[in-house]
Each structure stands twice: as C-alpha cells, then as structure tokens.
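Notes to accompany the following structure.
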Amino acid sequence: MTAPPAAVRVGADACPGALQTHAAADGALARVRVPGGLLSGGQLRALAAVARDLGDGALELTSRGNVQLRGLAAGTEPELGDRLAAAGLLPSPTHERVRNLLASALTGRAGGHVDVRPWVRALDAGLCADPALAGLPGRYLATLDDGRGDVAGLGGDVGLQALSPDEVALTLGGADAGLRVHPDDAVPLALAATRGFLAERAAQASSAWRLAELEDGPARVAARLGATLPAAPHRLYRDIGTTPSVGSVVQRDGRVALIAVVPLGRLDAAQADLLARVTGEVQLTPWRSVVVPDLTEDAVDDVAVALHRTGMVFDEASPWTRVTACAGRPGCAKSLADVRADAARAVATGTLPADGTRQHWAGCERRCGRPRGEVVDVVATGTGYRVGKS
Ligand code: SF4
C-alpha cells in the first residue's frame with residue numbers, strides 16, 4: 001500500500017540560518033548550526049562574544065542541538081557571518097542551513113557501540129562538498145546514533161544507528177531501511193540516502209521539507225539504494241526517556257563528564273565563557289542540556305558548583321528537567337503571553353500545572369520547540385493557559 005504524503009508544501013522552507021535571519025519581534029534571529037552539538041571552547045567563546053556584541057547577550061539552545069542568537073540589529077548578517085566563519089562555525093555559506101546533524105550525547109566518551117564524532121565531521125564535510133546538497137530544505141535532519149538509542153527516535157529523515165561495533169543500520173524517516181553496513185561505509189550511505197531524497201523529491205515534483213512528506217518517501221528512497229523496507233520493521237531504538245539526563249558520568253578514559261540542564265535553553269554569554277574555561281569541548285543536546293566532558297576527578301566538584309551557581313541544573317528532581325518553553329513574548333509577535341517568565345514563576349513558586357510532569361509552555365497553538373514524546377501542553381489563550389495533552 002502506498003503511504004500518503006503527510007503534508008503538501010507549496011514553497012521553499014523559511015528556516016532561519018546565520019546569514020538568512022528571521023525577523024522576530026525582538027530583532028533579527030539567527031540560527032547557527034552546530035553539527036552533533038559539538039563546540040570547541042574557542043567556538044563557545046566566539047558565540048558568547050557575538051551574542052554580547054551583536055545580540056541580546058545569550059545563546060538559545062534548540063531542540064536540534066543548535067544555537068540561536070536573538071535581538072540582532074538589521075544588517076548585522078555580514079559581520080555575524082565573518083565572525084562565525086573565523087570560528088569555524090560557517091564552513092560553507094551556501095550550505096549553512098542544511099547542516100542539521102544530531103549525535104548521541106557522550107558519544108566516544110561513555111556508552112555506545114561506536115564513536116560517532118568522526119561521522120559528524122565526515123557527514124558535515126560531505127554535505128558541504130556537494131553543491132547539489134545546498135538545495136536540501138533547512139528542516140532536513142540526520143541522526144547519528146552510537147547505539148544507545150537516544151537520538152535515533154528524534155525524527156531524522158536519514159539516520160545511522162550502530163547495532164554493534166561492526167554493524168550499522170540505515171534508517172529512513174525513523175524506520176529501519178533494511179540496509180546494514182560496516183561503520184566505515186556508514187557516512188557514504190547516509191549521503192547516498194540524502195541524495196536519494198532530493199532525487200525522489202524532484203521525481204515527485206514536490207517541495208517537501210521532510211522525507212515523510214513525500215509519497216511513500218522512505219520506501220522509494222530505500223529502493224533507490226537497492227533496498228526494500230522490511231515488511232514489519234522492528235524498532236531499532238528504545239523509547240526516549242521522559243526526562244533529560246543530568247548529573248555526572250565516568251568516561252571510558254576515567255575522566256568525568258557533567259550533564260547540566262540549561263533552564264529554558266537560555267545560556268548567557270557569561271555561562272558560555274565559563275564553560276569554555278573549564279573544558280576544551282562541550283556537547284549541546286536536543287534536550288537543552290550541555291555535556292561538559294573530560295574533567296579530572298579532582299576538578300568535578302568545583303566545576304559543578306561553579307556552573308550550578310550560574311543557574312545550571314544538575315539535580316534530576318529539579319522541575320527544570322521537565323519544563324520547556326517556546327520564545328513567547330517579547331520575541332515572538334504571535335505570542336499571547338510571556339511564557340518564559342510565566343514558566344519561571346511557576347517553577348519558583350512550585351505552582352507548575354499538571355503536577356509538574358514533563359510540560360511545554362507555548363505562546364500559541366503552534367507550540368514551537370515542543371519536545372517529542374509524552375508532553376503536557378501549557379498553551380497561552382490570552383486569558384490564561386490551556387493545560388492538556390493533544
Ligand atoms: S509557539 Fe507561537 S508564540 Fe511560541 S514561538 Fe511559536 S509562533 Fe511564537
């Protein structure tokens with residue numbers, strides 16, 4: 001049976017980038033792609049500096065492990081582009097919006113069958129090296145899962161999932177595509193699947209933004225790769241946890257990684273500078289948390305205390321591990337409330353609705369940034385909030 005397209009798009013997506021900014025109510029908004037969520041200390045410092053000099057002083061963490069800069073003055077894009085490029089955050093101006101790569105948190109440091117960081121670098125380089133792939137929609141997403149199953153279920157158009165140290169499965173639209181390769185051959189396969197998406201999109205004369213929006217998209221792209229989707233694809237990943245993981249993890253090399261939730265995903269420039277001082281690389285996660293790796297055992301407590309003092313959360317019992325929010329007022333003209341201030345007040349006063357379960361506050365029914373999985377919606381109505389699942 002042919003699967004119907006999930007939606008019919010009538011034009012190109014308007015996903016913001018670093019150079020193609022979005023005019024928000026609080027100024028221009030730039031989205032800086034951070035493949036795998038991996039940022040060096042120098043890149044963090046550079047982002048903190050541009051947030052201070054050109055934006056509203058903060059880095060907004062997104063549900064794809066990217067960074068948004070808000071409150072930019074009109075015409076800032078050239079300077080922003082130059083500064084990002086100097087920090088290695090804009091390797092290809094023509095491909096800047098298509099570098100959407102999620103990678104397993106802690107990969108290469110603890111857990112997982114393989115280290116997917118080399119995949120991140122190779123896939124990013126492969127995307128940027130092919131002029132045709134600049135035509136990908138800004139919403140196209142690749143998930144690179146080292147086997148722990150944390151990002152494979154996050155709605156990637158194409159995905160690589162390690163099944164063992166020697167075997168990798170390709171996923172298309174989140175489903176098993178029935179193809180298995182050695183880890184060394186995984187990135188070329190993901191690139192071939194990505195080209196297959198564009199070819200299928202052209203064949204269907206479609207302007208789909210996502211693979212699932214194409215008629216029978218995953219099956220037809222699999223066929224272009226010489227594969228047949230399994231009749232009853234088995235799930236390759238476990239269900240996503242209901243709360244982000246926080247705390248500390250001992251790495252394979254004996255050092256320690258801290259994982260901190262950043263309330264409402266707003267990392268201010270001083271916090272970013274502090275992170276850059278305590279470690280050489282951080283990993284932003286799709287759960288608005290930050291992995292602070294490679295700490296020596298005797299440094300862990302001091303780093304945790306210093307980060308906690310700035311507002312980062314290490315306590316799994318904290319309500320901040322369960323609360324997310326869209327931009328709301330004043331950043332979004334569509335918003336019916338200052339949802340971030342209201343959510344922060346509810347956390348501070350212990351008055352979160354829905355018994356404080358995992359919840360997403362939004363200024364309107366679009367519910368931007370809503371996490372996947374079981375989430376209670378807290379949606380502004382103009383006279384209060386509607387609370388409930390949908
Ligand atoms: S959910 Fe509505 S109010 Fe919130 S950012 Fe999206 S469009 Fe704006």
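Whatever order the structure lists ligands and atoms in, that order sets their numbers, starting from 1. Given the structure is predicted, the values throughout are model-derived calculations rather than measurements.
Under 4.0 Å is where a charged nitrogen must lie from a carboxylate oxygen, and between Arg70 and Asp26 at least one such pair does. In summary, Arg139 and Glu213 do not engage in a salt bridge, as defined by a charged side-chain N under 4.0 Å from a carboxylate O.
Between Leu54 and Leu69 there is no side-chain heavy-atom pair separated by less than 4.5 Å. Counting heavy atoms from C-beta outward, Asp82 and Glu79 have side chains that stay 4.5 Å or more apart.
Shortest contact from atom 8 (Fe) of ligand 1 to any protein heavy atom: Cys332 SG, 2.3 Å. Among all protein heavy atoms, the one lying closest to atom 2 (Fe) of ligand 1 is Cys364 SG, 2.3 Å.
Looking at Glu60, Gln20, Gln68 one by one, the single match for side chain to side chain donor-acceptor pair (under 3.5 Å) with Arg31 turns out to be Gln68. Of the residues listed (Arg358, Arg366, Arg370), the one engaging Asp377 in a salt bridge (Lys or Arg N to Asp or Glu O under 4.0 Å) is Arg370, and it is the only one.
Contact annotation for Arg367 and ligand 1: only backbone heavy atoms (N, CA, C, O) come within less than 4.0 Å of the ligand. Residue-level proximity to ligand 1 for Cys368 is carried by backbone and side chain together, each with a heavy atom below 4.0 angstrom.
Shown in contact with Ser335 at under 4.0 Å from a heavy atom are these atoms of ligand 1, numbered in order with element: 3 (S). Near Gly363, meaning under 4.0 Å from one of its heavy atoms, ligand 1 places the atoms 3 (S), 4 (Fe).
At a threshold of 2.8 Å, atom 8 (Fe) of ligand 1 has no backbone or side-chain N, O or S atom of Cys326 nearer than that distance.
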